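What follows is one structure encoded as structure tokens, with my remarks underneath.
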Amino acid sequence: CYWAPRASPVTAVQRRRGLLSLWTPPPSPASSSPLTSDPTRRPAALCQLGPEERNQDRTRRLVKHDTLTDPEGEGQEEAAEDVAMFMSSWFAEALALRRVSHGAPKADGGSSLAGGHQLSPTSQYGAATKHGVRPGDDERMEVSFAKLPRGFWSAVQLVWSFTLVHYIFHGIIVAAVVYVLRDVWAVRVAGVLAVLAYQPSFWDGSERRLGRQWEGLRRHPIWTLTQAYFPAKLIRTKKLDPEQTYVFGWHPHGILILSRIHTYGGVWELLFPGIDFRVLGASPMFKLPGCREICLWMGGVDAGRKTAVRVLRAGLSVAVYPGGSREIFSTDPNSHETKIYLQKRRGFVRLAMQHGSALVPVFVFGEKRCYRRLNVPALVRDLFLRVLKIPLIIFWGRWFTWYPFQAKQTVVFGAPIPTVTGGAPIKEGESPTEEAVAAMHARYVAAVVALFEEHKAAAGYGPEETLKVV
């Protein structure tokens with residue numbers, strides 16, 4: 001779903017908001033939009049319209065928010081999200097890096113991305129033709145990226161990704177610089193003032209509520225460069241209802257969870273329009289200055305049960321990594337066996353059943369090939385994990401840094417598994433029986449295994465690659 005840029009005058013509404021107009025002028029009041037009449041269906045219906053219809057609907061929404069329902073400018077956040085979404089699509093299209101395809105894959109590569117970045121043969125949507133959009137094929141969807149060529153944008157990608165992937169050390173590096181220059185009076189004063197100014201942000205407890213997501217950064221088009229570096233492909237096997245909440249289970253965890261990057265830059269909104277979610281992250285990640293901000297900005301919240309419940313009650317979905325830190329140690333690029341820890345991990349299943357949220361299995365192929373690692377003695381490794389809740393692992397990417405090796409990554413989103421099968425959902429405060437949880441868990445595990453077997457060949461895994469559920 002792409003929004004085609006069109007040259008048009010800057011309207012008064014957009015000029016006051018400081019936004020560059022790339023939309024058509026407002027249509028006549030007599031015209032109506034199929035989306036504005038039913039706001040709950042707007043996200044899902046948007047990708048089914050042609051470029052001109054989408055442009056007109058965007059303008060109607062801007063004018064409506066400004067003149068009718070938004071006299072104080074409260075709709076600026078929605079307008080900013082529209083701009084971020086538009087720019088990410090425009091940027092990816094301009095560099096010919098991202099392609100969206102609907103429908104089942106074909107052997108000749110007609111609408112599939114498996115055979116390369118071909119153009120789709122026909123489409124009723126004009127400019128959307130070259131991106132493989134086919135009307136009617138809206139269940140299965142693929143978003144893939146061409147490999148980033150060498151040149152200016154590859155240099156930008158290197159600087160951006162290298163800085164980002166070492167986000168854990170940002171606060172430590174700043175503290176080290178201040179310490180080295182501690183004898184400089186201005187640096188000492190600036191350091192003290194910065195620490196004092198940072199205290200409210202550090203102690204505000206955002207990670208235990210709904211987070212502090214920064215949509216402008218999360219949807220920024222620069223993520224397209226990182227996604228094209230590997231390159232990445234994301235496959236949606238079933239369309240999801242934006243009126244429903246979901247618990248997405250990601251497998252395997254990987255060393256640095258690089259797969260989450262592939263949902264940024266507007267990709268998530270293409271795959272699952274109207275579905276907002278939060279990622280459950282390990283508590284220590286929110287204790288490190290710098291690292292804490294990156295996690296919060298990108299939609300992370302604390303992995304505690306109370307936080308997960310709060311997110312689901314707010315009508316948002318959650319993404320969990322059931323294998324947790326244990327799977328970090330089982331990430332072996334030299335092994336043909338992919339190991340996931342899932343047999344005894346039932347908490348996320350119980351959580352989904354308690355709130356009537358559907359379970360969505362997600363499998364990540366290729367991430368294990370992005371790093372090399374050195375085995376740490378199990379005694380020392382388990383001590384760090386048990387006492388400090390920190391996985392002790394020695395690993396490296398290119399140039400012996402955390403910058404990953406290039407390895408094709410494929411993220412597959414399976415079909416949703418409903419947790420409410422007949423009757424009413426479980427009442428608040430009650431828990432499902434252990435038998436019901438075990439049955440639902442077994443069904444989920446079977447879906448994960450089936451997802452791996454069905455897509456491993458297309459993801460570049462040979463027949464010797466196996467999955468072991470521990």
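When reading the values below, keep in mind they use all heavy atoms of this one structure, side chains included, and skip hydrogens, waters and symmetry mates. Residue numbers start at 1 and run along the sequence shown. For clarity, every value in this text was computed on a predicted model and none was experimentally measured.
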Could you give the side-chain donor-acceptor pairs of residues 247-259 under 3.5 Å, partners two or more places apart or in another chain?
unit_1	atom_1	unit_2	atom_2	d
His251	NE2	Tyr444	OH	2.7

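Contact check for Leu97 versus Leu225: side-chain heavy atoms found under the 4.5 Å cut-off. At least one side-chain heavy atom of Arg98 sits less than 4.5 Å from a side-chain heavy atom of Val267. Side chains of Ile340 and Val448 form a contact here, defined as non-hydrogen atoms less than 4.5 Å apart. The side-chain heavy atoms of Cys295 and Glu207, taken from C-beta on, include no pair separated by under 4.5 Å. By the 4.5 Å heavy-atom criterion applied to side chains, Arg218 and Gln213 are counted as neighbours. The shortest distance between side-chain heavy atoms of Leu312 and Arg310 does not fall below 4.5 Å. No side-chain heavy atom of Trp214 sits less than 4.5 Å from a side-chain heavy atom of Arg219. Counting heavy atoms from C-beta outward, Ile235 and Arg140 have side chains that approach closer than 4.5 Å.
Partner of Trp160 under the ring-ring contact (aromatic ring centres under 6.0 Å, His included) criterion, out of Trp223, Tyr167, Tyr264: Trp223 alone.
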Next item on the list: Go through the steps for Val412 and Thr410 under the test side-chain contact (heavy atoms from CB on, under 4.5 Å), then give the verdict.
Entry: CA-CA 6 Å; Val412 184; Thr410 302; 3.9 Å; yes

* Please test Met298 against Val279 for side-chain contact (heavy atoms from CB on, under 4.5 Å), starting from the C-alpha separation and ending with a verdict. => CA-CA 9 Å; Met298 305 318 293; Val279 181; over 6 Å; no

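To the nearest 0.5 Å, the span separating CD on Glu367 from CZ on Phe230 amounts to 7.5 Å. Between atom CZ of residue Arg212 and atom OG of residue Ser201 there is a gap of 3.5 Å, rounded to the nearest 0.5 Å. We find the CZ-CZ distance between Arg350 and Arg345 to be 14.0 Å, quoted to the nearest 0.5 Å. Taking CG of Asp332 as the start and CZ of Arg369 as the end, the distance is 12.0 Å to the nearest 0.5 Å.
Remark: Glu454 engages no residue in a side chain to side chain contact (heavy atoms under 4.5 Å, CB included) (not counting sequence neighbours). Scanning for side chain to side chain contact (heavy atoms under 4.5 Å, CB included) contacts around Ala303 gives Leu280, with sequence neighbours left out.
For Ser161 and Thr226, the side-chain atoms include at least one donor-acceptor pair closer than 3.5 Å.
Side-chain rings of Tyr461 and Phe365 approach one another, their centers coming within less than 6.0 Å. Taking the six-membered ring for Trp and the full ring otherwise, Tyr371 and Trp402 have centroids separated by 6.0 Å or more. For Phe413 and Phe272, the gap between ring centers is short of 6.0 Å.
Pairing each heavy atom of Leu359 with each of Ala352, the nearest pair is CD2-CB, 3.7 Å. Between Tyr403 and His166, the shortest heavy-atom distance links the atoms N-CE1, 4.0 Å. The two residues Pro289 and Lys287 make their nearest non-hydrogen contact at CD-O, 3.5 Å.
His170 places no side-chain N or O within donor-acceptor distance of the main-chain N or O of Ile294, the cut-off being under 3.5 Å.
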